[in-house]
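Structure first, then comments.
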Amino acid sequence: MSKVQKIELDGTAYVVLTEEDYEDLRDLADARAVRAAIAADEETYPSELVDAILDGASPVRAFRKWRGMKATELARAAGLAPAYLSEIETGRKTGSARALKAIAGKLDVDMALLVPAAEDA
């Protein structure tokens, strides 16, 4: 870690550090959060899965592939038509609450993880 500069503005103390040091601190905080989640026996996900979803991949498709399931297998297990699951995975349909709940149950993930994030305005 490089030298940290301390400054005060309007009575509030601040520290100035390099962007590299700041990123290192963020990485450390993220690592601690992951360790805490693992210690609490929470499920964690590989960075490849998270990155794929953050890069715009369908969460349903990403989790299905991560779980090693074929689309027809998931559709059958969730009681859905394969064409409907395909429409959900490709974004042509959002999927009903019932369908997403069934998919989430078969993928063993929280239903909220299957809903794509809203685009920033």
Side-chain angles (χ1 to χ4, degrees):
M1 184 174 245
S2 61
K3 184 178 178 186
V4 175
Q5 179 184 2
K6 296 180 182 183
I7 61 172
E8 186 175 319
L9 296 173
D10 297 327
T12 302
Y14 296 92
V15 295
V16 179
L17 60 156
T18 66
E19 186 173 358
E20 181 180 350
D21 288 344
Y22 171 74
E23 293 297 332
D24 288 346
L25 287 173
R26 287 190 57 176
D27 289 346
L28 179 61
D30 289 347
R32 285 181 177 165
V34 169
R35 282 192 206 124
I38 291 169
D41 214 19
E42 295 176 20
E43 184 165 22
T44 58
Y45 304 105
S47 63
E48 295 81 11
L49 172 66
V50 175
D51 289 342
I53 294 169
L54 291 175
D55 288 341
S58 160
V60 172
R61 179 175 286 155
F63 275 105
R64 174 181 58 77
K65 287 183 174 186
W66 180 63
R67 292 289 192 210
M69 297 180 79
K70 294 182 179 183
T72 54
E73 179 185 1
L74 175 58
R76 188 175 329 112
L80 304 172
Y84 184 46
L85 177 63
S86 175
E87 290 174 322
I88 293 170
E89 286 192 348
T90 59
R92 288 190 302 266
K93 292 196 176 172
T94 57
S96 69
R98 183 195 72 75
L100 291 174
K101 182 177 181 181
I103 292 167
K106 297 306 173 186
L107 293 176
D108 193 25
V109 299
D110 189 293
M111 187 170 120
L113 296 174
L114 301 182
V115 180
E119 293 293 322
D120 293 339

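Numbers here are sequence positions counted from 1.
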Other hydrophobic cluster members with I7, side-chain heavy atoms of Ile/Leu/Val/Met/Phe/Trp/Tyr under 4.5 Å, chained?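 L9, Y14, V16, all in the cluster of I7.
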Within this structure, what is the [atom1]-[atom2] distance for the pair [X] and [Y], rounded to the nearest 0.5 Å?
X   : Y   : atom1 : atom2 : value
I53 : E48 : CD1   : CD    : 12.0 Å
L17 : Q5  : CG    : CD    : 10.5 Å
L80 : S86 : CG    : OG    : 12.0 Å

E20, CD atom: more than 12 neighbouring heavy atoms under 6.0 Å: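 No, CD of E20 has 12 or fewer neighbouring heavy atoms, counting only those of other groups under 6.0 Å.
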So with a 6.0 Å cut-off around CD of E8, is the heavy-atom count from everything else above 12?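 Yes, CD of E8 has more than 12 neighbouring heavy atoms, counting only those of other groups under 6.0 Å.
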Can I get a per-line list of side-chain donor-acceptor pairs under 3.5 Å for residues 99-115, giving both atom names and the distance, sequence neighbours left out?
| residue | atom | partner | partner atom | Å |
| --- | --- | --- | --- | --- |
| D110 | OD1 | A112 | N | 2.8 |

Any side-chain hydrogen bond (donor to acceptor under 3.5 Å, both in side chains) pairs touching residues 24-41, not counting sequence neighbours?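 Of all non-adjacent pairs touching residues 24-41, none passes side-chain hydrogen bond (donor to acceptor under 3.5 Å, both in side chains).
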Is there any side-chain hydrogen bond (donor to acceptor under 3.5 Å, both in side chains) pair reaching into residues 51-64, and which pairs are they, with sequence neighbours excluded?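 Every side-chain hydrogen bond (donor to acceptor under 3.5 Å, both in side chains) pair that includes a residue of residues 51-64, provided the two are not neighbours, is R61-E89, R64-E89.
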Determine, using the 4.5 Å side-chain heavy-atom cutoff (strictly less than), whether Y22 and L28 are members of one ILVMFWY cluster.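 Per the 4.5 Å side-chain linkage, Y22 and L28 are not co-clustered.
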Any side-chain donor paired with an acceptor under 3.5 Å for R92 and T90?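 Yes, a side-chain donor-acceptor pair sits under 3.5 Å.
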Residues which pass ring-ring contact (aromatic ring centres under 6.0 Å, His included) with Y45, listed by chain and number, not counting sequence neighbours: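 Applying ring-ring contact (aromatic ring centres under 6.0 Å, His included) to Y45 gives F63, W66.
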Output every pair passing salt bridge (Lys or Arg N to Asp or Glu O under 4.0 Å) with a member in residues 67-86, not counting sequence neighbours, ordered by first then second residue.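 Salt bridge (Lys or Arg N to Asp or Glu O under 4.0 Å) check on residues 67-86 returns E43-R67.
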